[in-house]
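Everything on this sheet refers to the single structure shown next.
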Amino acid sequence: RAGKGVARGPPRNRPHQSPVDMEAFHREHMAEVRANQGALMGQMAGRKLMLLTTTGSESGQPRTAVLGFAKDSNRYVIVASANAAPENPSWYGNLVTNPQVTVEVGAEKFSARARTADPKERERVKGLLPFFEGQQQKTTRALPLVILEREQGRIAPRRPTSPTLRLACLSGPCPDACCASLPCFN
């Protein structure tokens with residue numbers, strides 16, 4: 001007989017529920033991804049997330065989003081879903097305006113060029129994202145699939161977290177709130 005606090009068998013696979021406050025979710029996971037070199041804890045343990053930084057199409061300011069991804073050889077594939085919202089996420093509009101982006105995956109941080117997959121490529125790469133079909137079924141718009149291609153020779157190392165590792169910044173104050181006390185060395 002199972003009582004209070006006693007496990008009643010293996011956990012059930014519950015459908016993923018989107019967080020109520022996406023901004024808080026993104027802030028929390030951006031900090032966790034950066035602090036743990038991409039490793040996630042808790043409910044997100046084992047999931048692959050990247051940080052994609054675009055330039056705001058209107059503000060010109062850096063904007064960072066937390067996204068699931070898939071690898072396609074030496075490229076990354078992401079979906080502009082916004083949890084199947086009726087409109088594309090703002091980061092997608094940003095990269096259409098300015099395809100130069102920064103990608104953070106695991107311990108790596110690098111510059112990349114973003115582009116929307118063409119129809120033939122879309123058919124091939126959509127199967128790489130296990131959550132794509134479920135998201136596509138929840139909306140009437142065609143979810144854009146974005147290909148991120150690393151730009152050779154433009155690798156940006158992760159920022160140091162120790163004050164002893166600070167480097168002088170040549171480009172002005174750091175735009176990232178997570179390390180505002182450290183100089184930027186991008």
Side-chain angles (χ1 to χ4, degrees), residues 13-36 38-72 75-106 108-151 156 175-178:
N13 288 334
R14 287 182 245 152
H16 172 73
Q17 293 185 348
S18 298
V20 175
D21 183 350
M22 286 304 290
E23 286 185 31
F25 171 84
H26 282 201
R27 279 191 308 273
E28 177 184 313
H29 286 92
M30 277 190 276
E32 187 175 354
V33 166
R34 286 178 171 146
N36 299 314
L40 297 170
M41 309 298 171
Q43 292 179 329
M44 299 298 285
R47 299 221 174 128
K48 296 187 295 184
L49 296 179
M50 76 165 43
L51 302 182
L52 175 73
T53 302
T54 61
T55 301
S57 59
E58 294 177 17
S59 70
Q61 297 299 306
R63 303 288 183 222
T64 302
V66 180
L67 303 168
F69 69 92
K71 285 270 311 201
D72 180 36
R75 305 175 315 163
Y76 290 88
V77 180
I78 56 177
V79 59
S81 171
N83 289 316
E87 295 180 7
N88 289 328
S90 58
W91 63 259
Y92 179 71
N94 292 344
L95 67 78
V96 168
T97 301
N98 181 0
Q100 177 66 41
V101 299
T102 300
V103 176
E104 295 177 66
V105 176
E108 273 193 292
K109 180 177 181 180
F110 57 91
S111 294
R113 192 143 198 90
R115 63 179 177 77
T116 304
D118 64 48
K120 184 177 177 182
E121 189 174 36
R122 176 187 165 84
E123 282 304 308
R124 186 181 65 76
V125 300
K126 70 181 183 182
L128 299 174
L129 295 160
F131 51 86
F132 176 78
E133 287 300 330
Q135 290 289 300
Q136 184 60 77
Q137 290 171 5
K138 294 177 184 176
T139 185
T140 56
R141 71 180 168 93
L143 299 176
L145 289 171
V146 176
I147 308 299
L148 302 170
E149 297 172 307
R150 183 186 302 260
E151 290 195 318
D176 293 339
C178 69

List the steps and the verdict of side chain to side chain contact (heavy atoms under 4.5 Å, CB included) for R124 and D72. CA-CA 10 Å; R124 186 181 65 76; D72 180 36; 2.8 Å; yes
Determine, stepwise, if the pair T55 / T97 fulfils side chain to side chain contact (heavy atoms under 4.5 Å, CB included). CA-CA 9 Å; T55 301; T97 301; over 6 Å; no
Could you give me the CA-CA distance, side-chain angles and deciding distance for T54 and N98, then say whether side chain to side chain contact (heavy atoms under 4.5 Å, CB included) is met? CA-CA 8 Å; T54 61; N98 181 0; over 6 Å; no
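No side-chain donor-acceptor contact under 3.5 Å links R63 and N94. Side chains of Y92 and T116: a donor on one and an acceptor on the other come within 3.5 Å. Side chain to side chain, T53 and T64 meet the donor-acceptor criterion of an N or O pair below 3.5 Å.
L143 and S81 get closest at one heavy-atom pair: CD2-CA, 3.8 Å. G93 and S57 make their closest contact through O-CB, 4.4 Å (heavy atoms, listed as atom of the first residue, atom of the second, distance). Here the closest heavy-atom approach between residue K138 and residue A84 is recorded as CB-CB, 3.4 Å.
A donor-acceptor pair is defined here as one N or O able to donate and one able to accept, closer than 3.5 Å; such a pair exists between the side chain of D118 and the backbone of E121. Remark: the backbone N or O of Q135 is not paired with any side-chain donor or acceptor of T139 at under 3.5 angstrom. With hydrogens and angles ignored, the 3.5 Å screen pairs a side-chain donor or acceptor of Q136 with a backbone N or O of R141.
A 4.5 Å side-chain heavy-atom check between L129 and V77 finds at least one atom pair inside the cut-off. When side chains are defined from C-beta on, F132 counts as touching L145, because their heavy atoms get closer than 4.5 Å. N88 is listed as a side-chain neighbour of P144, based on a closest heavy-atom distance under 4.5 Å. In this structure the side chain of W91 reaches within 4.5 angstrom of the side chain of L67, judged on heavy atoms. Between I78 and L148, some side-chain heavy-atom pair lies under the 4.5 Å cut-off. The side-chain heavy atoms of E151 and F110, taken from C-beta on, include no pair separated by under 4.5 Å. Side-chain atoms of F131 and V79, non-hydrogen and from C-beta on, do get closer than 4.5 Å to each other.
Taken to the nearest 0.5 Å, the NZ atom of K109 stands 6.0 Å off from the OG1 atom of T102. One finds the CD atom of E108 at 11.0 Å from the CD atom of E104 (value rounded to the nearest 0.5 Å).
Within 6.0 Å of the CD atom in E87, the count of heavy atoms belonging to other residues, nucleotides or ligands does not exceed 12.
Comment: E123 does not engage K120 in a salt bridge, judged by the lack of any side-chain N to carboxylate O separation of less than 4.0 angstrom. Checked for salt-bridge contact, R75 and E149 meet the test: a charged N lies under 4.0 Å from a carboxylate O.
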